[in-house]
Every structure is written in structure tokens, then in C-alpha cells.
Peer 1: 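There's a structure below that I have some questions on.
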Amino acid sequence: MKKAQAVERIDQMPVEARPARPNDYLSDNHPVWCPGCGHFFVLRALTKALAWLGRPAEELAMITGIGCSSRLPAYLASYGFHGVHGRALAVATGLKAARPDLTVLVAGGDGDGYSIGGNHFLHACRRNMDLTYLVMDNEVYGMTKGQPSPTSAPDWHSKLAPHGTGINAFNPMGVALAAGASFIARGFAGDPKGLTKLISDGIEHKGFSVIEIKSPCVTFRPEQKAWQKQMRSLNVSPTPNKLEAAQAIHASDGFDTGIFYQADLPIFDPQSEATTTLDELEQELVL
Amino acid sequence: MKKAQAVERIDQMPVEARPARPNDYLSDNHPVWCPGCGHFFVLRALTKALAWLGRPAEELAMITGIGCSSRLPAYLASYGFHGVHGRALAVATGLKAARPDLTVLVAGGDGDGYSIGGNHFLHACRRNMDLTYLVMDNEVYGMTKGQPSPTSAPDWHSKLAPHGTGINAFNPMGVALAAGASFIARGFAGDPKGLTKLISDGIEHKGFSVIEIKSPCVTFRPEQKAWQKQMRSLNVSPTPNKLEAAQAIHASDGFDTGIFYQADLPIFDPQSEATTTLDELEQELVL
Amino acid sequence: MTDTRPIPAPIPDSHRLSVSISGAGGAGAVTVGLILLEAFGKAGFYGALTRSFGPQIRGGESAVFLNLSDQPIETLPEATDIHLALDWKNFERFADEIPLTANTEIFYDDSREKPPALVTESGAECTPLPLLNTLKEIKGGRINMLGLGVLAKRLGLAEHAIEQALQKTLGRKGDEAVQLSRQTVEAGQALVEAPKTSPLKGWQPSEQARWHLSGNEACAIGALRGGLKLAAAYPITPATDIVEYLAPRLEKVGGQVLIAEDELAAMNMVIGGAFGGVPAMTATSGPGFALMTEAMGLAVASETPALVVTVMRGGPSTGIPTKSEQADLNQVLYGLHGDAPHVVVAPLNVSESVWVTQWALGLAEHLQTLVVLATDQHLGQSRMICDPTLPEDMSQTRGLTRLRAEPRTTGDPAYQRYALSADGLSPMSEPGLPGAQYTADGLEHTETGLPSSSAQDHRDQLAKRAQKLTEFDYGDDWATYLPADKAKHLILTWGSSFEACKEAVARHNAEAKKGKQVSLLGLRLLMPLQSKSLRQLCKGHQVTVVEQNATGQLYHYLLSEQALPKSSQSFARPGPILFTPGELQTYLRSLTEEAT
Amino acid sequence: MTDTRPIPAPIPDSHRLSVSISGAGGAGAVTVGLILLEAFGKAGFYGALTRSFGPQIRGGESAVFLNLSDQPIETLPEATDIHLALDWKNFERFADEIPLTANTEIFYDDSREKPPALVTESGAECTPLPLLNTLKEIKGGRINMLGLGVLAKRLGLAEHAIEQALQKTLGRKGDEAVQLSRQTVEAGQALVEAPKTSPLKGWQPSEQARWHLSGNEACAIGALRGGLKLAAAYPITPATDIVEYLAPRLEKVGGQVLIAEDELAAMNMVIGGAFGGVPAMTATSGPGFALMTEAMGLAVASETPALVVTVMRGGPSTGIPTKSEQADLNQVLYGLHGDAPHVVVAPLNVSESVWVTQWALGLAEHLQTLVVLATDQHLGQSRMICDPTLPEDMSQTRGLTRLRAEPRTTGDPAYQRYALSADGLSPMSEPGLPGAQYTADGLEHTETGLPSSSAQDHRDQLAKRAQKLTEFDYGDDWATYLPADKAKHLILTWGSSFEACKEAVARHNAEAKKGKQVSLLGLRLLMPLQSKSLRQLCKGHQVTVVEQNATGQLYHYLLSEQALPKSSQSFARPGPILFTPGELQTYLRSLTEEAT
Ligand SMILES: Cc1ncc(C[n+]2csc(CCOP(=O)(O)OP(=O)(O)O)c2C)c(N)n1
Ligand SMILES: Cc1ncc(C[n+]2csc(CCOP(=O)(O)OP(=O)(O)O)c2C)c(N)n1
Ligand code: SF4
Ligand code: SF4
Ligand SMILES: [Mg+2]
Ligand SMILES: [Mg+2]
């Protein structure tokens, strides 16, 4: 298999090779999202980050599951895989193992990633492969029209939980930290600059990068429009110390953004080299 | 549905009602485990704890998945469910919701619980229902004859991973803490007294109790016999403080036992009461 | 079969009306449709409403189609009589579903886009109206209510019906909102003339109490009637509504809804609840069903009752999630590994979904096994005004409960959970019952439940699990048979294709000579197939199996069970567009002509 | 069909030997069997070894059965010629599988328990030997090696064969260990007399190179031959061996094994790898397969190549994990929701598992879809000394690769991943290729891959996915046909039942008159069923479908495809005991008698 290459930054490339604009990373397809949906802004920040990093679109692959957020690949000019609900990280793991030369991005929603996809989330963190995972967290299942997700507050009322779920919200960053992810950040769809920076840092980080992005669902959680006032832009600084990170994650009211944890941890990067021929292997069968 | 009752302790019961011995909680079936397997000692500690707590066997249900450890229910005199691999916590959640009056115990292995069952582990912690979960961790898939599990050390060589997995071991207690479990302990199969105490404390604790039990697989991990010398008995004291617990879990070399965290957290205990008749509900359909 | 009734006469054209409404997201087309349906109900009539969504999540365009009559009607409109276009946004996306003809009357706003070419080419009569202009004078008024007024007037709908429907549908928004809507509706009514002869002329209002419900609501109520106490589910279109309908209601009858982290959890939670002694169910669709099959096998092997409602959508894979198809039959019949006998039932229309679901849950409890109830997006999400259909006596085949074990004391013989018995059923104990402890197991086991790999135990338990399903007497409910006199041809169908077939057969028989008339069979119990009765009934007929999928899954299944006479054939085509009676009528014509 | 060969003559009784060995956990019965098999191989002979485990994980008793001959043999022993009981621990657990007769010679230790009643009642000749006593004189010697010596002597096996087998099997434990074993074996040989006439008298050693392998190893090698680069799996009995065999080897040819957290991950990892451009597979069994079906549908809908090997075990649910059954056929054919055409192949014996797996991976790559290869515990875990079977020309139907897209530059027409085409195949791009970016999708889509719910797109893409499988020319490999002259009866079977049928038919035909002889067909390509060829071939025969499950799954499938003549019948029974040639021969006798 092809060997992994370092991600090249746009500023290290010869001028003529530099991609012109974030729009070069956009496809012609118009998003099906509701007007005002936070996911539009995530798409924007992502293309900006990609332009900044400057890898050609054909060397990128964006893998997703199912959900409003998971519609992302069709809007990018990169390769994409829009798979089944909750399994994007597994598809990405297979792809990255087969093709370490590619920049493999994964995206999805809080339902896709933390509910049905929870097990792959745990194990992707643990494997710490060089993947970047963007979770567009709107604390709701948008696509299926408004059910509570693991990150919904216990007292949020919905059809499915008329009195709220009564269950504490899932703590994605805390779990990612305990499970072994090496880059853990929170961003906000409404903070284009900050988010662009976080995404490009996440992609450049070697290892599994989790970026938990607060991205309002204007249709089923209109009250999330208030996030625009509440979120703080990149007010957190990275630490490579697990306990400090745990403390920062624990102490945050959920409105802080920035990199909460970044460390050099061993990366699962299965090496293999053709050193034998098939004929030699077949000889083993012979009596 | 029947209402939950407080677990009665044997010492609060009239003498004639007291179960005579731990053996009253044993069935007639002889375990299929290999001679010397740690799971024998877990079974023993469990029946002792049950005798100590003194609830009649028919009011207990032991739910498991698949694995050597998961064979447990057949050896108990209680009700049992030996389901499919990795789903014991989900079965137990359904049972406890339907029958809050029962004492519902869940058991399994590191593969069953942390690999295929990882998502239910996360969400059982988060729900924090009043269940007690015994994980007999031997850092291997015993039943399928010796493959690396999530808790295997990255450099443990096996047929499936001839050079080791190269992946950091899963941190069950750290993840349980981040995910919301309210009682988190580590025990050792080779420490009967300590383990009995942890199990009975776990059952008495109101909320989701995770007891990570080091239980050697003498067949596929014979080197684990050394644990007998390495493990310390109940040298850890409980704290209700998450950060302190995180620190203790983080700092431990894996040989400490005791309760690392215990706190009163909100329990998911869906209340429902018959306040309407079916006829009334059907009236809604009528034009 | 008690359920043998003559095929009703077709609904005359003068007694049916098709109305459709389309508009951009937020324009409120669906609300108009819902109020109109309710109003027709209040006026004593019947109706069926289906919706169609564009690809957008919510911001996008949508459309509703209504088929209205003074007689029970559960089919889709075939030719639109009146169409209201609140705007022309992406109208072409619905072109497949809104059949315009030269007789269609179209109303639209005169101040924006003109009707697109495909509309004008249809020859439909397009009437521009000053909708937005009129709205300027109504502060807060919405264009859809104006449209509702236009439709009400053109349809000749009674004032009181509209008024009651507004109250019922908008009442919870408060008096002011209702008042504003009323005013806007009136303004809409003023924009058009009343038709010379009311389209409702000659319509006989029903005096009966009728139901207004969707198939998904019907399922939910049916399950409640069956004693449901635990529903565990993970949301998935088009099944979520069932659980959303249950959520506020189940808790009021002493049960509860568990929101599972995934379908694997949902199915296992159901098993846990049922093991604990309560009737339990989940609801899902193809992709979620796939994830549940492993645990479904556990329900079969451990003999734990479980009801799984699957609301089929377009497949394979994520497919077409918001539209209907009958393509998951193979999965529900054969998706389990090993020889895993279970029960599969499917209601034939919305109204019977109530009792069929009750029956299904009862069968699960009584037979201590997995029961799959298969419906589809059309049955599940269409709303109907229909006659209640509850069999008078649900106690016989339908009031089914679990055979429970008795407590035991020392000296009693040991409890054998999986004891062999004449009918394959063994009394089921439940935690709490003294002396009857056991361990339920998905491993093959002895009569007491101890794991066993002996050939004898395997044969015995396989036979037991098969036998309890085949020996059971399902009564007359396995099918609905509508025979025609001297019919050579028999149409055999299932699920949501049934109503379209029924209408097509009714129309065909009304115009066909004796001998060219066609009989109809709707199969309700798909597994275990009542092959003997079915063979009996098919005998002497040329059977055509009608179903909405690409490969003729039911047809092949019936062949595999040797239930069909030799000359039988398949008439199958994929979704997402449903069969219409007209399409099927054309087919019946060619079929019966060819046959002579 | 090139694969048409006459049915070979049956192996004469004097050219076959059945040996079994049993003992408590740790006694080493299995090791004796493995060395004995290897020794027979080294001596130029053939053999088949199956194991049986008690319920214990590892500490429990176990047994091995060997069927040995100087001709290719892949069936189970039917009557034990020689049994070695290292002890009598739970011997009755294997009674089903160790058929003792009055001709059986049994050796056991004289110092412990006596043979149990069921042994003495069989009339077998029981010879007590001072095994433990002899061991006292050999420091570190083990009872099983003593037993090996006894068997070697009684079987008249050449010294050099035993010596080579000891070297090969124990060599990695070091010279001392081998020396100790050799000494113990010799001591064993001294305990018994050589038989008057060697049981191997008249046996012709083969001069050919032969293979010594299990079906699971064969699968692994076949996949490597097919260009496998990524295997992702979660352990499950009896499939784990495949991945364990691959683990140290795949990395040496530039590929890798991923240990997945569960089967859901495994299947999706395979899809990810294949999307990235490399041939990829997973291996599992029924319960794991169930968990994979959702993602399998994704492979079908997104047209991503994927090979899934499923090694069937007893079902339903967890069932009988260590034993064989052919009861997951329904699941592999029909387990996916929606109309989801895919390929299902099944090798007929261990040796052909190599090329059939290579073929299967090639089909997945070439047809860009899901291919399921179904084997079972018996095929997978039995060890055989057999002739290599690699078709001379794997390049035609078997050397199959992916149709890859070309890079594109500006000005080229846009790349259409799902372009309609005459054969249903479209060139597949892969990340890295400039200008041919696309998004693979499990939602129904247009030719470019954009989600679509249009009826036309749905019909087109459903047809494309079906067509590419039905239009493809699978050549002659879809079945093996062994015709008998003027045969009225045809036995149709699949998978691990084939070898037993073949042996039974050979014996039957050898003694039956012309006209009562029987032909045999082994079906290798189960889906898409080559109905036309099959019908052709079955024509004029009375077909009996033989399979190891309770409900006749293959029989019903063939009925559903109308592939069988009218009078066809099913001969099916569940596992876990395999068919033996004798059992089938009895059946054939009654079959052909009844027919006259
Ligand atoms: C196996 C399966 N289960 C359920 C669904 C239904 N489903 C589709 S998207 C979704 C949740 C989406 O929520 P989230 O991931 O938070 O994304 P959002 O729409 O909020 O961006 C669900 C439950 C499905 N497609 N497949
Ligand atoms: C769906 C499914 N996948 C895989 C298996 C195979 N399997 C059975 S037990 C087991 C692992 C057991 O390991 P663990 O849970 O650690 O228990 P132990 O045997 O070590 O006590 C596996 C992989 C299965 N039964 N079902
Ligand atoms: S439903 Fe919510 S998440 Fe989905 S597109 Fe609309 S606003 Fe965005
Ligand atoms: S294999 Fe290991 S875990 Fe299983 S019973 Fe034997 S010693 Fe115990
Ligand atoms: Mg969301
Ligand atoms: Mg383990």
C-alpha cells in the first residue's frame, strides 16, 4: 500500500500549485439543509481549512454516516463516502489502513457519532489513527425530525421524551480523552475563524483528532440560535497533560472553544511490506 | 409495574428467613470453565455477597452475553438470561425498566463488555440505572481461544496479532467515569474477601455500579497467574469527586483494588403509573 | 374464512374527489391538507391523505394529496381534480405524484412565477388568484389559509365542517390564532365563485363514528390494546411516529418507552422486558431491522415473546427513506440465521392496523416467540378517515396471553422451561416467581435450559419451536378473500397494495362480463404460511401475485412453499410510486383479455 | 460444464481405515490425531481429520476422528476400526460420533476405569494396555505419545512416516522434545503386536504432491491468491482460524489484518478498504453475519466490492457454535433488505476452497458488489490430506479484477460513478485519481451518485445492480455434475454435504443396476442461480435435494426459482451430526426401490 505523506501546507507549495479558493473544495451540489442550519457554516470553515492546507481535492476523502450533518461529502469536491448510520469511523479506519497516503476526514452528527456510533467512537479514539473527526453537535437527531440525542439536556422536552429523557448528557470530550484520542477540541459553527483554525490544526495533528462542533439545528432546536451569544472563541489553550485536560473539560460550561488536549500518543499505523511471494505462502500447504 | 424495594440485608432479616449459605445461590450445574480459571473465584465471591445481602434467589436476575465469563447464570440459583454476545446490558436495561422490583445483575468479559458491547457500556453508564455490572477481565477472548481484547497490552503476542496489536489498552474505569457511572471499582478474583465486599457494596449502591474484576485466564494467559502476587487488596478508598477519581484511576498501575469512585448521581428510573384507560386513549382516534 | 365478503361496487367518479396542494417549505401546504381532511371527516365523509417531501430536511418544498369520498377510500389519487399551488417552487419534483389532466383545475398566486411548462402542457385549467395581494390586508394571515378558503369554496364544503376542523387542528395555538385563520379562510372563500353544481352533490354523509388516524398511530393503539408495557426503539423514518405516539400514552397505562442507543440495544431491551414478564415491542425499518436480526434469533431460540414492527421504505441500504416499497419481505421472512421459525403478519390497510397489531402482540405472547409486523411508509404515514374495524370478538384468536408457570415449592418436580409438549408450548416463568428459576438461553439447550450440543436435544428443540407455530390455529384471520362469481383469475397481494387492488378489482368487475371477473385475496399471515388453505383457495384460478418490489418477493416465496397453481404469475414493480387502481385496472383488462 | 466427470468408483473397504482417539482435556488426543494424519500423508496416503469438543472451553475432554485411505477421501468415519481411549472421561459425549461395532478394536489403559457399558455393549474388542505403568519408566513422557506408538504399530505405518510427522509437528518445540516423543512412541509400539496382515496391505502410495490443510486455511490462501490486501474481522467460532491464518501472512504480501471492535465495524472497514482500491474481505459466522447485513446492503447499493466468508455453525441464535450445519442459507440469500442482488458461492469440499475463494474475491472485485462465500464448521475446521485442485486456467472466469476509472482533466465530461451501461458495470474510481472524484452512496442515487428519490433513477439503478450479476458469464464453475448412465434420479446438494453424497452415490452405483443408478450435482454458485442451465440438467430426472438443516432451505429456494422438475423432493435433516455416506446410501436404496 502507498505510504503516508506529510500533509503539505499551502504556504510551502509553489505558487502555481496553490489552490485558488475554498470554493475549489466545494462541489456543484447545493446542500439540502434548512436555511440557517449550522452545518452550512461548518462546510464553509472546512473548505477554508482545506484551502489553507492545500492538498489537492482528489487526495482527500470525507467519510460520513447518516444524518443532516452526514450529507457533507456530496458538497465537497473531494472523494466521499456516505455510508450507513453510525459507521463512518469504521469505514474511515478501513480506508486509512488501506490508503495511509490519503487525508481521511470523517464527519457526522451527535446521533450518528455518540449514539449508534458510540462503539466505533470509543475504539477509534483508542486506535488513534491519523483521522480527523468533525462532530456537528446540535443535541438532536435533526434528520429524523427532532428526537433527543445523547447530548440533549435531560430536561429537553420532545415528542419522544415528553418530560425530557431524565438522562445526563453525554460528555464527548471526556469520553474521547479517557478512550485515548490525542487531539480534542470544541468549536462553534458560528465562529468561522476559530473553527477554520481548529479544523486545520486537527487535520495537521498526527493521530485521532476529535472536533466537537456546536452546530445549531434551527428547525428542531431554534433556541440554539442563542449559542451565537454564549459561545466563546478559542478561549481554551491546549495541554498535553491528561489530568489538566480532564479538569478543563470537566470545568467548562460547554461554551468554551479551543483545543482542550493535544499530545503525541502512539498511532496505530499497521505497517506491511511485500517480503514474500504468494508461491512461497502456498508452499506451506504442501505436505 | 412493580415498584423497586430496598435490598434487604441478611442481618436485618428474621433468623428463619436467612438463607443458610452461599451455596443456596448456586445451581446444580457444574461450570464448564478450565480448572483454575479465575471465573470460579468470581462465582464464589458473588454467591457469598448474595448470601450476605440475603435477597431470595428468585428475586435476582443475572444477565450475560457470550464468553467464558458469560456462562455464569447457569451456575446460579437465580433467574438468568444468557443472551447474545455484547448485549447483556441492553437486556438488563429492558428488564430493570419493566421490573424495578428485581435486583438485576449483569456479568461478562472484557470482550463482551468493552469490545462488541462498548456502546451499551457507554450508555448504561450514562443512564445510571440501578444495575450492578461485573466484568471479568482477563485481557483476552477466552471463549474463542485467545485473541487480544481491548484490555490486552499493545505488545501481547497472539495468533491474530503476531507482533501485538500496537493499540493502547482500553481504560474501562476511566471511560466509565467519563460516561457517568456512579460506582466504579476494581477487584481481583484471587482476593475472595475483598471481591465479596466490592460486589455486595456494588449491589447495595443505588445507580450503575461497574466492577472491573481481574480474573486470570489460565489457559490462554497463563502469565496472569502472577497477578496473585501483584494485586493489592482494597487499598483504594472511594471518593465522590470526579477529578480525584480520575486522578486515582490515571495514577494506578492496574494492581490497586477498591472503590475508585462512588457518588449519588441521578438515576434513570422511568416512572409510569396507570392513570388512563385504554378506552380513553382510543377515543383520540375517533373523529 | 369469516373475512370473506363480496367485492364492493367501485366508487362512482361523482363520489370521489382528488385534491392536491404544493408549496415551498414553510408555506404550509401540509397544514391545509390536514385541515381539509379533518373537515371532510366532520362533514361525514371519508378520505385519505398522503404527503410527499422533497429532498430537503425541512426547509424544502412539500406536497399533500387527498382522495375524498362519501365512501370508505384508502387509495391514492389518480387524476387531480383540484390543485392548489401556494407557489411553483420545485413543482417538478412532485410531477410523478400529482397527475394533472385537462380536467384539473389549478389555483395559484398571480403575483409570482407562472405555472411551469409541464403544468400548462397538461391542459389543466389554470386560474391565477391575487393571493399575496389579498394577504396584505390581513395582518399575520398566511397564504395557506387563504388557499384553504379557496378550496373549501370550490369543493362546496359546509361552513361548520371547516370551522370544526380549524378548531380541532389549530385550537391548541389559542383563540386568536384560530380567529385569524378563520378570517383568512373567509377571505380565500371570497376570491372564488361557488361552483354551479357542488362537487359534493349527492354525497351521503355517514352517521357512523369514524376514525381519523395514520397507520403508525393505529399500530401504537393496537399494541396498547394488546397490553403493551414496554417499547424500546431507536428513531428511524418512517417508524419513529409509532414510538412518538406511544411516548406520552404508554406511561399513562403503566408502561414506558425506552430510547435506545441503537437498534441492537432496542431489540435486546425488548427481550429483557419480555423476560421480565411484560408484553414488549420495538418499531423500526429495514436498516434498523438488519441490526436487530441477531437478537431476533435470540428471541426465537430462547422462546422470549417480542413484537417487531417494521415500516418498510425504499431499499436497498439507506435507499429512499421517505417513500414506500414492499421490498423487505425477504428480510422479514428469511433474515435470521439457522432454522428460526417466527411469525410474520402484515395489515392490509390503515384501519385494520389496530387489530392486526393487537393480534401480533398477542401471538408473540402466546407463542413465546418473535412476531414481525410488516407495514410500509404508505400505510404508516398516510392519514385516513375510515370506519373503525375491530373484530367483534378479539378474545378468540386475538385475545392471546402468555402461558405462565406456577410457583413451585420444595418437592415439586424441577421446573423445565423448555419442556417438550404436545403443542410445543411450555409454561413460562418470570423473575420473582419462587421455585421456577431458570436461565433463558440462545445456545441450543435441554428441556431445563442447560446448553447442549446433542443431536437429540437439537432435533427436539427445533421441532418444538417449529411446531408451536404450525400447530396453532390462526382462525380465519390469515387472509381476506373477496371472491367474484365464476372468476378464473385471482389477484393475490399483501400490505399497502391491497387497497389499490381492491379498488381496481371493483372497477374491473363492474364493467367485465361474468367469467372475466376477478377475485381478490389479501394475505395477512405471511409466516407460517397457511399453505393448505391457500392452495385450496387458489385451486382452479390463474393467480397473479401483485406487489411493489423489483423481484417479486412474495411470488417467489409462495412458489417456494408450493402454494400456487402452475400457471401463476407475478406482477411486481419497484417503488417508490404506489400502485394506483387505474394502473392495476389496465393490467386486469389485458390479463383477462389475454386469457381468452 | 467442463466440471463434468464420471463418478469415481467407491473406495473398497480394504482401502480405508477409521481411527478415533479420545481423552480428557490435556491428555493430548488431538495431537495424536494430527501427527497420525501427517504421518499418513508422509506415507503417501490421504486422510480427513475432524475434531469434536465437549462443552468445556479447553479443560474438557476432546476427540478426533480420522478417515484414512490411499485414495482421496473427505468424508467422516462411519464405523471405527481402531479406537484409542487415553481415558474414559465423559466418553459418552462422543458416542454419537464414534460409531463402535463388533469389529472395532479398542485400546485403553488398564490401571484406571473400565470401559463404560456403551462400549462393552457394542461388542467391540477391548484391549487393556499398561499405558500409565509403562510411562513410569519414561521421564516426562506423555500418554498420548504412547498411544500414538500403539496405533502406528497396529496400523502398520512405516517408521519414516512417523518420524517425519513427529519432526514436522513437534519440531518447533526443540530436539529434546522430539527425542522424548520418539522414545515414548517406541515404547508404545512395544506394547502391542504387529497385526498378522497389515491393514495397509495393497495400499498404493501416491507419488503426487498433496496438500495438508483445513478449509479455513484454504479460504485464506485462496483470498491471498485473489489479491487480498485488507482483512477486517471480529473473532467468532468457527471462522476465526481464517483470520488467524492470514494475520502473519497478509502483512508479508503488503496487506494487513484489522481486528475490529465488532462485526459492524469489520464489515464497514472492508467497505472502506475496498473504496480505497484494495481487495478486502471479512470472515464470520451466523451471529456475526446478522450484524453485518446492514453494511452488506451498503456494499450492494454503493457498488463497493466486498467478500464475506461465513463459516456456518449450528443455529438459530448462538446455537451450537462448535458444530456444523447448513442452516444459514436463507440468511445469506435473503438477509438483506430491499431488492439487494449479490453473489453467493459455496465450495464443495476442502481442497477446492482455495480456488473458489479466489474466484469469489475476483467476482466481488469485477462485479463491484457483495460476494458471500458460505462454508461451514466441517469444511472449515476439518484437516485433509488431499490432491491440490487449482483449475489450470484461473485467468478466464477466475482471474477477475476491477474495472478502474481513468484520471480526467478539465474538459473531460464529468465522471459518472454509477453510469448506466450495457452490462451494468461502470468504471470505478478511487481516491487519489484526479478528476474522477465522487461520493459513494447507499441512498438511491443518480448516475453521478447524487441522492435521488425519483422512480426513474430507482428503476434504473435497481436494474443496473441486478443486470451486472445476471449478465455476467460465470462459465462452467457454477456446479459440478457427476452423471451416471441412464440415471432417473439426481441428487442435488451443496457445501459440506457434497463429499458424503459423492461417496454414497459411488457406492450405490457400484452395486445398483443401470437405470437405478443415480447422478449427482453439487451446486457451487447459489446466487444468481443459473436456473436455465440447472433446469436443463435436472430435466427428466427425479431430483432429491440433500442438505443438512431442518427445513430444506435449498430445496425451497430452488422451488422459488422454479428450477426443479415437478416430482422433486427434499431430503433434509438438521445438524450437528454430518451426513455419512452410509446413511445416504440407505436413503438412495430406498429411493431407487420405491421409484420402481
Ligand atoms: C440503522 C439506522 N437507524 C436509524 C436511522 C435513522 N436516522 C437517520 S439520521 C438519524 C439521526 C441523525 O442525527 P445526527 O447524527 O445528530 O445528525 P443531524 O441530523 O442532527 O445532523 C437517525 C436516527 C438510520 N438511517 N439507520
Ligand atoms: C456476534 C458474535 N460475535 C462473535 C462471537 C464469538 N465470541 C464468543 S465469546 C467471544 C469473546 C469472549 O471474550 P470475553 O468477553 O473477554 O470473555 P472470556 O471468554 O474471556 O471470559 C467472542 C468473540 C459471538 N458469539 N457472537
Ligand atoms: S433539521 Fe436541523 S440539522 Fe437538519 S438541516 Fe434542518 S436545521 Fe440543519
Ligand atoms: S479459556 Fe480462559 S477464561 Fe475461558 S474457562 Fe478457560 S481459563 Fe477461563
Ligand atoms: Mg444531531
Ligand atoms: Mg476475556
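Heavy-atom basis, side chains included; hydrogens, waters and symmetry copies ignored. This structure is a prediction, so every number in the text was calculated from the model and none was measured.
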Peer 1: Is chain C contacted by the side chain of Leu564(D), its backbone, both, or neither, given a heavy-atom distance below 4.5 Å?
Peer 2: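 Contact with chain C is absent: no heavy atom of Leu564(D) under 4.5 Å.
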Peer 1: Applying side chain to side chain contact (heavy atoms under 4.5 Å, CB included), name anything that partners Thr580(D), two or more places apart in sequence or on another chain.
Peer 2: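 Scan of Thr580(D) (side chain to side chain contact (heavy atoms under 4.5 Å, CB included), adjacent residues dropped) gives Glu78(D), Glu583(D).
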Peer 1: Step by step, work out the side-chain contact (heavy atoms from CB on, under 4.5 Å) result for His458(D) and Glu325(C).
Peer 2: CA-CA 11 Å; His458(D) 189 40; Glu325(C) 196 163 46; 2.9 Å; yes
Peer 1: What option among Thr551(D), Asp328(D), Leu443(D) has the most heavy-atom pairs under 4.5 Å with chain C?
Peer 2: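 Most pairs with chain C among the choices: Leu443(D).
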Peer 1: Looking at Ile320(C) and Ser453(D), what are the two nearest heavy atoms and their distance?
Peer 2: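 Nearest pair, atom of Ile320(C) first, then Ser453(D): CG2-CB, 3.4 Å.
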Peer 1: Below 4.5 Å from any heavy atom of chain D, which atoms of Leu329(C) appear? Answer side chain, backbone, both or neither.
Peer 2: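 For Leu329(C), there is no contact with chain D at all, as no heavy atom is under 4.5 Å.
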Peer 1: If you count heavy-atom pairs within less than 4.5 Å of chain C, which of Gly286(D), Pro287(D), Pro576(D) leads?
Peer 2: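 Top count of heavy-atom pairs under 4.5 Å with chain C: Pro287(D).
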Peer 1: Against chain D, work out which of Gly315(C), Ser454(C), Ser452(C) has the most heavy-atom pairs shorter than 4.5 Å and name it.
Peer 2: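 If we count pairs closer than 4.5 Å to chain D, Gly315(C) comes out on top.
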Peer 1: Among all residues two or more places apart in sequence or in another chain, which pass the side chain to side chain donor-acceptor pair (under 3.5 Å) test with Gln331(D)?
Peer 2: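 Once residues adjacent in sequence are excluded, Gln331(D) has no partner under the side chain to side chain donor-acceptor pair (under 3.5 Å) criterion.
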Peer 1: Between CD of Glu444(C) and OG1 of Thr318(D), what distance do you get to the nearest 0.5 Å?
Peer 2: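 Those atoms lie 10.5 Å apart.
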Peer 1: What part of Ser285(C) is in contact with chain D, defined as an atom under 4.5 angstrom from a non-hydrogen atom: side chain, backbone, both or neither?
Peer 2: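 Ser285(C) has no heavy atom closer than 4.5 Å to chain D.
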Peer 1: Please list every donor-acceptor pair under 3.5 Å in which a side-chain atom of residues 291-302 of chain D meets a protein atom from a residue at least two apart or in another chain.
Peer 2:
from	atom 1	to	atom 2	distance (Å)
Thr293(D)	OG1	Ala290(D)	O	2.9
Ser302(D)	OG	Leu298(D)	O	2.6
Ser302(D)	OG	Thr304(D)	OG1	2.7

Peer 1: As an exercise: rank Gly575(C), Pro321(C), Gly552(C), Ala550(C) by heavy-atom pairs under 4.5 Å with chain D and give me the winner.
Peer 2: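 The option with the most such pairs is Ala550(C).
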Peer 1: Shorter than 4.5 Å, heavy atoms on both sides: which option in Ala327(D), Gly288(D), Pro574(D), Gly314(D) has the most such pairs with chain C?
Peer 2: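 So the answer, after comparing Ala327(D), Gly288(D), Pro574(D), Gly314(D), is Ala327(D).
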Peer 1: Given the options Arg313(D), Lys323(D), Gln553(D), Lys566(D), which has more heavy-atom pairs under 4.5 Å with chain C than any of the others?
Peer 2: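 That would be Gln553(D).
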Peer 1: If you count heavy-atom pairs under 4.5 Å with chain D, which of Asp96(C), Leu558(C), Leu462(C) comes out on top?
Peer 2: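 Top option by heavy-atom pairs under 4.5 Å: Leu462(C).
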Peer 1: If the contact rule is any heavy atom under 4.5 Å from chain D, which residues of residues 332-341 of chain C qualify, in numerical order?
Peer 2: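 When heavy atoms of chain D are the reference, residues 332-341 of chain C contributes Tyr334(C), Gly335(C), Leu336(C), His337(C), Gly338(C), Asp339(C), Ala340(C) within the under-4.5 Å range.
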Peer 1: Gln456(C) versus chain D, heavy atoms under 4.5 Å apart: side chain, backbone, both or neither?
Peer 2: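 Answer is neither: Gln456(C) stays 4.5 Å or more from chain D.
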Peer 1: In Å and rounded to the nearest 0.5 Å, what is the CD to OG distance from Gln562(C) to Ser568(D)?
Peer 2: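 Between Gln562(C) CD and Ser568(D) OG, I get 8.5 Å after rounding to 0.5 Å.
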Peer 1: Can you tell me how far apart NE2 (His445(D)) and OG (Ser317(C)) are? Round to the nearest 0.5 Å.
Peer 2: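 It is 9.5 Å, given to the nearest 0.5 Å.
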Peer 1: Using non-hydrogen atoms only, which part of Arg465(D) is less than 4.5 Å away from chain C: side chain, backbone, both, or neither?
Peer 2: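 The side chain, not the backbone.
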Peer 1: Measure distances from Tyr555(D) to the heavy atoms of chain C and classify the residue's part below 4.5 Å as side chain, backbone, both or neither.
Peer 2: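 Side chain only.
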Peer 1: Among Asn549(C), Ile577(C), Leu264(C), Asp441(C), which residue has the highest count of heavy-atom pairs closer than 4.5 Å to chain D?
Peer 2: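 Greatest number of close heavy-atom pairs with chain D: Asn549(C).
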